[in-house]
Number of protein chains: 2
Amino acid sequence: MSFIPLLPGSLSGPPAERSDAARNRERLLGAARELIAECGPDALTMDRLAERAGVGKGTVFRRFGSRAGLMMTLLSDSEAAFQARFMFGPPPLGPGAPGLERLIAFGAERIAYVMEHGDLARAAEASARSRYEVPAAKLWQRHIELLLREEGMDADPLLMAMSLTATLDPDRILHAVRVHGLAPERLTDSWRELVTRVVRGR
Amino acid sequence: MSFIPLLPGSLSGPPAERSDAARNRERLLGAARELIAECGPDALTMDRLAERAGVGKGTVFRRFGSRAGLMMTLLSDSEAAFQARFMFGPPPLGPGAPGLERLIAFGAERIAYVMEHGDLARAAEASARSRYEVPAAKLWQRHIELLLREEGMDADPLLMAMSLTATLDPDRILHAVRVHGLAPERLTDSWRELVTRVVRGR
DNA sequence: GGACTAAACGGACCGTAGTCCGATTATTAT
DNA sequence: ATAATAATCGGACTACGGTCCGTTTAGTCC
């Protein structure tokens with residue numbers, strides 16, 4: 001008996017992962033989480049990961065493309081949760097509150113997110129490509145831009161959003177907190193001041 | 001006849017480079033400039049450089065410490081010139097103009113600088129260390145902080161300066177111009193808006 | 001000039017990210 | 001069940017940044 005697709009093939013998405021491929025992906029993700037739990041993300045090398053998962057190195061790269069890709073995969077759950085909260089969640093982060101309130105909340109949540117997943121996020125940003133052109137990054141910036149427009153921003157909302165996004169860069173935030181020893185609350189306060197001034201205009 | 005120092009030793013600085021070391025440093029810098037002129041900074045590898053300069057690889061690293069260090073050395077002239085201009089040059093970049101004017105000029109000049117030396121600057125920023133902890137970077141940020149204070153900034157000038165500095169990151173600027181195709185003038189305009197709003201306060 | 005010392009030299013060596021391709025194996029059609 | 005096919009697998013290989021250490025050499029003192 002043969003399988004008759006209910007939808008045209010192209011709508012079913014990619015032709016379904018082979019079972020061994022799926023098994024290896026799970027093994028790899030598990031091994032990666034183990035290694036990170038043991039020694040932190042910086043100590044995770046692709047060779048060690050392959051060995052721990054009992055898999056060839058080529059397999060690791062076919063699955064995730066690059067080290068940054070692997071890190072993004074590991075982050076994708078918490079990342080998706082964050083996205084859901086600022087797009088559909090309760091105010092002030094989600095819709096329902098005024099734009100400025102949402103901007104302030106967005107920065108605060110982002111800073112908290114970096115405090116929790118910062119090392120992983122940094123490792124996921126290896127190349128310049130994977131820093132700005134990743135869907136998640138484009139989404140944040142677009143979100144900020146939208147909130148700025150909602151607040152009547154007249155001056156180039158796209159570039160203003162870009163500047164505000166730069167402030168929330170994980171690398172910079174982690175450096176400020178870990179090297180300079182600044183308290184995260186201070187960053188949050190400064191973010192509030194910054195967006196308030198930018199939105200209020202001249 | 002022996003040399004009698006006019007000043008205590010420690011004031012004469014490091015004990016003078018040996019002649020072969022100086023010769024090799026010049027050779028290496030020349031070769032580096034050649035290679036960069038031919039294929040751009042990204043194609044400069046430390047092995048190729050050593051070979052081109054007719055020198056061992058170890059010598060390259062002893063001279064410059066790292067690839068980023070080499071790039072910084074190559075930038076140091078134009079970097080020093082830039083520093084001199086915003087610290088001692090004519091207004092509005094240099095002292096004499098109001099703080100806001102100087103801030104606006106600073107951003108404009110920095111963007112122009114990145115347009116000219118951006119690839120090199122990016123290559124000089126390889127590690128997180130050499131991104132924020134390098135003397136030049138700390139100087140800019142301190143400069144911006146000072147100008148903010150001069151304009152009566154009440155809200156955490158240090159962190160505001162950090163945010164503004166993030167906007168001028170070479171990586172981000174190059175990405176905006178080269179990938180997104182934004183005109184540098186547009187970045188400059190947006191910078192003016194940004195600092196104006198930040199300084200004017202609420 | 002010759003001996004001494006500290007600095008500089010050079011290239012073999014290491015760890016890591018990423019590539020490649022012949023061997024292997026899951027899946028499907030017969 | 002068997003054969004055909006296409007995806008997957010694995011690990012040797014490359015390129016690169018960076019380190020190490022035995023060897024060479026410039027500068028100094030007699």
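All values below were derived from every heavy atom in this structure, side-chain atoms included, with hydrogens, water molecules and symmetry-related copies excluded. Here is the naming used below: chain letters follow the sequence lines, and residue numbers restart at 1 for every chain.
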* Heavy atoms under 4.0 Å is the rule here; annotate nucleotides 5-16 of chain D 5' to 3' with B where the base is hit, S where only the sugar-phosphate is, and - elsewhere. => -BBSBBB----S
* Heavy-atom pair of closest approach, residues A:His117 and A:Leu75 ->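 Between these two residues, the closest heavy atoms are CB-CD2, 3.8 Å.
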* Would you call A:Asp42 and A:Arg122 a salt bridge, using N to O less than 4.0 angstrom? ->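 The answer is no: the pair does not qualify as a salt bridge.
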* Asked: Does the ring center of A:Phe86 lie less than 6.0 Å from the ring center of A:Tyr113?
  ->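 No; A:Tyr113 has its ring centre 6.0 Å or more from that of A:Phe86.
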* So does A:Ser66 get a side-chain nitrogen or oxygen closer than 4.0 Å to the phosphate oxygens (OP1/OP2) of C:dA17? ->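 It does not, given that no N or O in the side chain of A:Ser66 lies less than 4.0 Å from OP1 or OP2 of C:dA17.
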* In terms of side-chain heavy atoms, does A:Gln83 have a donor or acceptor partner in A:Glu79 at a distance below 3.5 Å? ->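 Yes, side-chain donor-acceptor contact under 3.5 Å.
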* Asked: Rounded to whole angstrom units, what separation is found between the CZ atom of B:Phe61 and the P atom of D:dC21?
  ->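 Distance, rounded to whole Å: 17 Å.
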* To do: Flag the pair A:Leu147 / A:Met153 as yes when at least one side-chain heavy-atom distance between them is below 4.5 Å, and no otherwise.
  =>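 No. Closest side-chain heavy atoms not under 4.5 Å.
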